[in-house]
Amino acid sequence: MRNIKMVDLFAQYEKVQDEINKAVQDVINSTAFINGPEVKSFQADLEKYLAVKHVIPCANGTDALQIAMMGLGLQPGDEVITADFTYVATAEVIALLRLKPVLVDVDPDTFCLDPKAVEAAVTGRTKAIVPVHLFGQCSPMEKILDIAKRKNLFIIEDNAQAIGADYIFSDGRKQKAGALGHIGTTSFFPSKNLGCYGDGGALFTNDDELAAKCRMIANHGQSKLYYHDSIGVNSRLDSIQAAILRVKLKHLDEYAAARNRVAAYYDNAFSGNSKLVTPKRASYSTHVFHQYTLQTKGIDRFAMKDFLASKNIPAMVYYPVPLHLQKAYTDPRYKEGDFPVTEKLCASVISLPIHTEMDEEMLGYICDGVKESLESQLLDVGR
Ligand SMILES: *Cc1c(COP(=O)(O)O)cnc(C)c1O
């Protein structure tokens with residue numbers, strides 16, 4: 001059996017090796033390393049895949065969020081509502097731009113923004129909502145879109161973890177995650193579902209004017225060569241990464257299907273276990289399983305993680321600390337106990353390896369390891 005990894009990028013590469021090698025070599029031969037034709041082609045491919053008018057490639061997912069907020073013209077002091085249970089990047093850019101992060105709790109089943117909490121957090125100074133499509137499925141966008149419409153707010157979808165997922169509206173209509181709000185962002189960090197071999201990111205929007213603004217901001221605020229109309233940033237996707245992403249985009253749906261097979265295997269192995277809660281599927285979204293995240297009950301999951309590590313099974317805790325309890329984000333507005341769902345999740349979740357190259361032997365070994373760890377009672381809290 002191959003070594004088990006959280007994400008096995010080499011095994012995935014081996015299957016498309018010839019195509020990737022050729023794509024990379026072609027860029028080297030062309031020497032069009034920056035803004036080469038591969039970047040334009042990837043942009044067009046992704047526009048088609050997501051069914052959006054504009055894709056704006058950039059350097060990473062954090063930049064994409066920043067460029068989106070700058071493009072929307074958010075001003076210091078404007079309040080931006082986002083989830084307390086997310087990767088730090090979401091709140092980081094809000095704080096860096098001197099906007100005011102307003103944190104809200106998440107839904108215990110989907111780990112995504114709770115629309116009731118969002119509604120309650122809206123004030124006269126709220127300008128935007130940033131739903132995070134966490135672990136691979138969408139936030140409840142229909143309700144969030146409705147709030148945004150009634151309160152005249154922008155929606156920036158942080159889609160770093162759910163690229164390829166479909167949102168299913170109550171009338172049955174489907175739309176790709178990230179293409180529902182005013183603007184969506186993603187990351188092509190290697191371990192993301194659509195990952196390159198370095199850093200990369202993109203924004204998506206159907207708004208022509210906003211797309212033009214974001215494109216300009218990502219390129220030093222330049223309207224034409226050496227004419228700078230606004231203060232921008234330097235944020236580019238390089239041509240080699242774009243060429244790799246073009247190859248991998250063709251396989252993205254297959255990759256999601258492989259991840260769903262892994263999730264189904266785990267569900268089946270752990271359903272009914274009194275110490276584990278398997279991840280729920282939202283009725284309104286497909287799931288692309290960026291992470292397979294269990295909630296544990298009455299056990300020490302760090303002891304579980306150590307036990308699994310002793311059997312060469314990696315596991316990770318995403319995320320151990322809610323944003324409002326992070327040192328950098330402490331704020332007199334928030335204290336322990338304010339976001340009970342997020343706090344409970346941060347105290348109980350553990351994510352198992354999930355990627356496109358797992359076989360039944362590997363999955364059987366992992367599930368046996370998890371069950372053995374539970375039976376060993378090594379994990380019992382307060383032992
Ligand atoms: C990965 C990630 C980001 C940041 O992407 P980078 O490319 O690493 O900058 C932002 N938000 C979420 C939810 C992420 O998972």
Side-chain angles (χ1 to χ4, degrees), residues 6-7 9 42 46 55-70 80-97 99 101 103-104 106-107 110-113 128-139 141 144 155-165 177-178 180-181 183-204 214 218 233-238 241-242 244-245 248 259 285 287-293 316-323 326 328-329 342 345-346 349 351 354-355:
M6 286 301 287
V7 181
L9 296 174
F42 171 62
L46 192 57
V55 165
I56 300 120
C58 68
N60 58 67
T62 310
D63 276 7
L65 285 163
Q66 181 177 337
I67 294 163
M69 289 177 204
M70 290 170 76
V80 179
I81 296 173
T82 195
D84 190 38
F85 191 50
T86 180
Y87 181 57
V88 71
T90 323
E92 188 174 55
V93 294
I94 299 172
L96 273 175
L97 292 171
L99 313 173
L103 302 173
V104 303
V106 296
D107 176 90
T110 62
F111 313 145
C112 289
L113 272 185
I129 306 170
V130 185
V132 182
H133 304 321
L134 203 73
F135 300 154
Q137 67 185 343
C138 295
S139 304
M141 290 303 290
I144 294 170
I155 293 194
I156 304 161
E157 295 174 74
D158 182 345
N159 194 33
Q161 300 191 6
I163 195 156
L180 290 100
I183 193 156
T185 65
T186 201
S187 163
F188 304 124
F189 186 80
S191 64
K192 303 280 159 133
N193 288 36
L194 179 61
C196 60
Y197 293 173
D199 272 311
L203 301 101
F204 348 110
C214 290
V233 295
N234 174 24
S235 190
R236 298 183 283 242
L237 178 72
D238 70 64
Q241 301 308 339
I244 291 163
L245 287 165
K248 289 185 67 174
R259 287 171 176 275
S285 175
H287 206 317
V288 293
F289 281 99
H290 177 58
Q291 299 298 343
Y292 185 89
T293 302
M316 293 289 282
V317 171
Y318 304 116
Y319 299 96
V321 184
L323 279 182
Q326 293 281 2
Y329 295 90
T342 300
L345 290 172
C346 288
V349 289
S351 299
I354 189 162
H355 58 76

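In each ligand, atom 1 is the first atom listed, and ligand 1 is the first ligand listed.
Aromatic ring centroids of Tyr87 and Phe189 lie 6.0 Å or more apart.
Considering only residues two or more places apart in sequence or on other chains, His287 meets the ring-ring contact (aromatic ring centres under 6.0 Å, His included) condition with Phe289.
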Between ligand 1 and the protein, tabulate every N or O atom pair separated by less than 3.5 Å, reporting distance only.
residue, atom, partner, partner atom, Å
ligand 1, 5 (O), Ser187, OG, 3.3
ligand 1, 7 (O), Gly61, N, 2.8
ligand 1, 7 (O), Ser187, OG, 2.6
ligand 1, 9 (O), Asn60, OD1, 3.4
ligand 1, 9 (O), Gly61, N, 3.3
ligand 1, 9 (O), Thr62, N, 2.8
ligand 1, 9 (O), Thr62, OG1, 2.5
ligand 1, 11 (N), Asp158, OD1, 3.3
ligand 1, 11 (N), Asp158, OD2, 2.8
ligand 1, 15 (O), Gln161, NE2, 2.8
ligand 1, 15 (O), Lys192, NZ, 2.8

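A heavy-atom distance below 4.5 Å is found between the side chains of Leu134 and Tyr319. Taking the side chain as every heavy atom from C-beta outward, Ile163 and Val288 never approach each other to under 4.5 Å.
Using bins of under 30°, 30° to 60° and over 60° for the plane-to-plane angle, the ring pair Phe135/Tyr318 lands in the tilted bin.
Put simply, CG on Asp63 and CE on Met70 are 10.0 Å apart, with the number rounded to the nearest 0.5 Å.
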